[in-house]
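The structure appears below as C-alpha cells.
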Amino acid sequence: MSNLNDLTPPQQQAVEHIEGPLLVLAGPGSGKTRVITRRIASLIENGVRPHQILAITFTNKAANEMASRVEDLIPDRRVWISTFHRFCARLLRSRADLVGLQSNFSILDSTDQQTLMRQILNDLDFDTVQYAPGKIAAIISRAKNKLQSAEEFERARGESIGTHLDAVASQVYRDYQQRLRTSNAVDFDDLLLHVVTILSENPELRSDLDERFRYVLVDEYQDTNLAQYRIVAALSQDHPNLCVTGDPDQSIYGWRGAQIDNILRFESEFPQARVVRLEENFRSTASILRTADCLIANNVQRKSKSLTTSNPDGTPVQLLTFEDGHQEAELIARRIRKAFEDDGRKWSDFAIFYRVNSLSRELEHALNRQAIPYQVVAGLAFYERAEVKDLLAYLRLVNNRDDRAAFLRVVNKPLRGIGKTTQSKLNVWANSQNRSLWEAAVNAKDVPGLSKRAVGLLTRFVNLIESMSMADAGSVADLMRTIIDKIDYTRPWEGSPSEQDLQRLSNVNEFLSAAEQYDEQAADERSLEGFLETVSLATDVDRFDESAGRVALMTLHAAKGLEFPAVYVVGVEEELIPHKRSTRENDPKQIEEERRLLFVGMTRAMEELYLTQTRRRAIHGRMLETIRSPFLGEMDLVDVDCSEFEWAPDHAWISQTAANSDLGDDANSAAPTLDRRKPLLTTGAALLNGESHAAEIPAGFSMGMQVRHPRHGLGTVVELSGFSKRRTLTVEFQQDGRRVTYIASKCPLQPVGSG
DNA sequence: TTCCCGTCGTTTTTT
DNA sequence: ACGACGGGAA
C-alpha cells in the first residue's frame, strides 16, 4: 500500500475512495491531476484490474500527461486513458456496422465540414453569403450536441418560432448527414452521437461495456455536453463507480454545448455520491488567489467554495493602463525583457492571455522588436496548410475510397483535366444514386453526359489511387513517399528559390517526419487508419511545448490547465472581457461564463499577475475609445498608469540593450512609436548579440523543426540540449544527410515557416 | 481553368 | 486591417 502522507486529508479521501460515485470539486491549482493519477494507482493496488479502468479527458495533452504520470506510479499497467473523441472513435471502429458505417470511416475536420456545407447550400440554391456555411455548421453542431437528429431538429423547430437560418439549417442537416453516410465519414460531433446511439439501441452491448469499464473517471466534468453525459452515464449504470472531477467555476465552453448542470446536478443524479472538495491551492500567491476569488464570488450560478492557500502573499495584482494597444504590447514586451535581464526570469516563465486571437498580432510585433522568443498557441494549424491537406486527402482516399471531401480535394490536383464540369456531373449522379463520388468515378461510363475523354481521365485517376493503396504495407511514411512520387507532388517547387516554395517543401518534409514519428511510436500496431485518426484528432494546443523556453501567447480558452509564474491578461475591457457577443442578449449566464473565463486566466498565475486595459483600441482597423470592464470593479487591484510613458531611450526602466535598439532607429523620429521597419529589428537585436542577423536568434528551435543554413541549405533539427546560452542543437542537412551541431545563440540557422 | 479584384464579415473552438 | 469567397475576365 502506497504512502499517502504527502496528501492533504481531502486529497486522501478522494484517492482512497473505491466503490460508488465520487464527485471531486477541485479548485484551481488544488492538485487535481495528482489526485486522479494517485487514485488510479490506488485502485490497482486494491485489486482492480487495469483494463477495467477508463479515464477520460478532453485534450490529448491532458490524456498524455495523465498516462505518463500513471506510468511513473505503476509502470506497465494498461489503463485506458483517452480523450472523449478518441475513445468514441475506437469504440465506433469496432461496431461501425451498428450505425451503418464501415470501420475505416473518415473523420472530417471543421474545414471539410464547412466545405461540405457550402456544397450542399449551393446544390440547394441557397446564398452562401446570407447563409454562411460556418453559421449553418454551428447550428447543426448545436443540435447534435443536444442529441437532435435532423428529423428531431425539424420537429423541435416547428414548435418554436425559429429563424430563417434555422429553417435552412434544418434542410441542410438532412442532406449533410446523407452525404456523410455515403462518404463513410463522420464529423467530430458524430463520433459522440453515434456512440450514444449504439449504447442506447444495444442494451447487451451497453451492459458488456459497463461491465468491462467498471471504473470510469472523467476529468473536467464541467465541460461535458449532453452526449458526453449520456455516454458516461451509460457506462456507469450497473457499476456506478463513476468518478468525476472538475470545477464549475472553470466551465468556459457553454457556447459549445457544455452543460455546467452536469456537474451541478451530479449529487442529485447519484444520491449515494461522495463529494470531496479540494479547496487548498498550491499554485498561486495569496494575493492572486484572493483577487480571483473576489471576482468569481460575483457569479450566482455556482457551488460556493472557499479557496485557501498557505502560500505567501506575494506582490499584489496590478491593473496596468495604457494609452492604446500598441503601447500595451510594447511595454509588456519591455517589462518581460527587463524581468529576464534583472530578475533572472526565464522566457518560459511568462504567458500572455487575450480574449480574441486578433490581439496576438500587436504583441508578436512587440516581442519581435525586443528580440524575445515566443510561441503562439493556435495561429495557422499545421494540419491546415495546403500541402499537408493535399497529401492527407490522398491518404484518406486510400484509406476510405468513399471519402467525398478527400476525393474532391485531389481529383484534379495536380491538374489532370478533371474540372468543374466533370466533377459536377459526377456529383449529380452520385447524389441521385446515393452513391459516393468514388463509385461515380469507377462507373464513369454510366454517368450521363460525360465525354469519352473525361471517362478515360477518370479511369486513370481510379487506377492511380488503386496503385497507391497497393503500396500501403504498414509504414505510413513509405506510403506517403510513394504518393508524393507518383504524383510528382514536389516537382514544381524543387530548386525554386522563392520563399513560398521553400515553405511548401518544408511543410511536406515536416509532414513526412510526422508520419515517420507515428510509424516509430505505433510500431507493430501502426496503420494508415491509426495515423489518420491521430492526425484528425490532434489540435494546436497539443503542440504547445512547455520546454521550448519561450514566452507563451494564447487565448484565455487555451490557457486552461496550464500554469505560469508570471501572467499578463491583456485587454480587460468592456466588449472584449466580457465579450460584446455575450452582453448583447443581456443573458446573465453568458456574462457569468465571461467572468469564469477571466477567473481561469487569472488562476493560471503562480507569482505575478497583471491585468491590462487601454484607453483606445483599434478594432477591425477602427480606433475606438474603450469602456471600462465591469469585472475590474469587482476586484481590489493596484492601479498603475503606464499611459504617460514616453519612448525616450533613457527612461529609467528600459533596459540598456532595449534602449539601444531605440537609439538605433527611432531616437530622432517625431512619432512616439516604434515601427516595424526591418532595419530596426536588425539593428536592435544586432546590438544585443553582436551579430548582424539578430532577428534570427530570438526564435527558439524545436525538435523536427525545418531550418535553413545559408550555405548547407535545408535541414531538420534532430537533437536539442542545454538551455539559454548553452543551448545547442544538431541539424541533419537534406542535401547530404550530414549532422552538424550548433550553439543556438550563435548559428546562422533560420527557422523555415511559422511552425 | 485560372487569376484577379471587389465585397463582406469578422469570439472563444478541448475534438 | 485582413482574409475568404464568388463573380467575371482572360
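- The distance from atom CG of A:Asp189 to atom P of B:dT13 is 17 Å, rounded to the nearest whole Å.
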Find every protein N or O atom lying less than 3.5 Å from an N or O atom of nucleotides 6-10 of chain C, and list the pairs.
| from | atom 1 | to | atom 2 | distance (Å) |
| --- | --- | --- | --- | --- |
| C:dG6 | OP1 | A:Arg118 | NE | 2.7 |
| C:dG6 | OP1 | A:Thr128 | OG1 | 2.7 |

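- Closest contact between the side chain of A:Arg256 and the listed nucleotides B:dT10, B:dT11, B:dT13 involves B:dT13.
- Going from atom CD1 of A:Ile56 over to atom P of B:dT14 covers 19 Å, rounded to whole Å.
- Between A:Asp112 and A:Lys389 there is a salt bridge, since a side-chain N of the basic residue sits under 4.0 Å from a carboxylate O of the acidic one.
- Aromatic ring centres of A:Phe407 and A:Phe461: separated by under 6.0 Å.
- At whole-Å resolution of the value, CG in A:Leu108 and C1' in B:dT13 are 17 Å apart.
- By the 5.5 angstrom centroid cut-off and the 30-degree plane limit, A:His557 is classified as not stacked against the base of B:dT12.
- The residue A:Phe84 sits apart from the nucleic acid: no heavy atom pair falls under 4.0 Å.
- Applying the salt bridge (charged side-chain N to carboxylate O under 4.0 Å, His left out) test to every pair with at least one member in residues 252-262 of chain A, sequence neighbours left out, gives no pairs at all.
- For B:dT10, neither phosphate oxygen OP1 nor OP2 lies less than 4.0 angstrom from any side-chain nitrogen or oxygen of A:Asn357.
- Applying the 4.0 Å criterion to OP1 and OP2 of C:dC2, one finds that A:Ser358 has every side-chain N and O outside that range.
- Between A:Leu121 atom CG and C:dC5 atom P the separation is 13 Å, expressed in whole Å.
- Atom CG of A:Leu556 and atom C1' of B:dT13 are 14 Å apart (whole Å).
- The aromatic ring of A:Trp255 sits over the base of B:dT12, with ring centres less than 5.5 Å apart and planes tilted by under 30°.
- Among the heavy atoms of the strands lying under 4.0 Å from A:Asn60 are primed sugar atoms or P, OP1, OP2 only; no base atom is included.
- Toward the 5' end of DNA chain B, the nearer of the two residues A:Leu191 and A:Gln590, judged by each one's closest nucleotide, is A:Gln590.
- Taking atom OH of residue A:Tyr131 and atom P of nucleotide C:dA4, one finds them 25 Å apart after rounding to whole Å.
- Counting only heavy atoms from C-beta on, A:His620 has its side chain closest to B:dT10 among B:dT12, B:dT14, B:dT10.
- Identified under the salt bridge (charged side-chain N to carboxylate O under 4.0 Å, His left out) test for residues 115-134 of chain A, with sequence neighbours left out: A:Asp123-A:Arg179.
- Under the side-chain contact (heavy atoms from CB on, under 4.5 Å) criterion, A:Ile627 pairs with A:Glu574, not counting sequence neighbours.
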Taking only N/O atoms, report every protein-nucleotides 1-5 of chain B pair under 3.5 Å with atom names and distance.
| from | atom 1 | to | atom 2 | distance (Å) |
| --- | --- | --- | --- | --- |
| B:dT1 | OP1 | A:Gly419 | N | 2.7 |
| B:dT1 | OP2 | A:Lys420 | N | 2.7 |

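- Scanning for side-chain contact (heavy atoms from CB on, under 4.5 Å) contacts around A:Arg453 gives A:Ser451, A:Leu457, with sequence neighbours left out.
- In this structure, A:Glu362 atom CD and C:dC2 atom C1' are separated by 14 Å, rounded to whole Å.
- In this structure, A:Met117 places its CE atom 18 Å from C1' of C:dC5, rounding to the nearest Å.
- In this structure, the nucleotide among B:dT10, B:dT11, C:dC2 sitting nearest to the side chain of A:Lys135 is B:dT10.
- A:Tyr489 and A:Trp493 have perpendicular rings, their planes meeting at more than 60° on a 0 to 90° scale where under 30° would count as parallel.
- Considering only residues two or more places apart in sequence or on other chains, A:Arg617 meets the side-chain hydrogen bond (donor to acceptor under 3.5 Å, both in side chains) condition with A:Glu328, A:Glu573.
- A search for side-chain hydrogen bond (donor to acceptor under 3.5 Å, both in side chains) contacts involving A:Arg628 returns nothing, not counting sequence neighbours.
- For the side-chain contact (heavy atoms from CB on, under 4.5 Å) test, residues two or more places apart in sequence or in another chain that qualify with A:Gln590 are A:Ser582, A:Glu585, A:Asp587.
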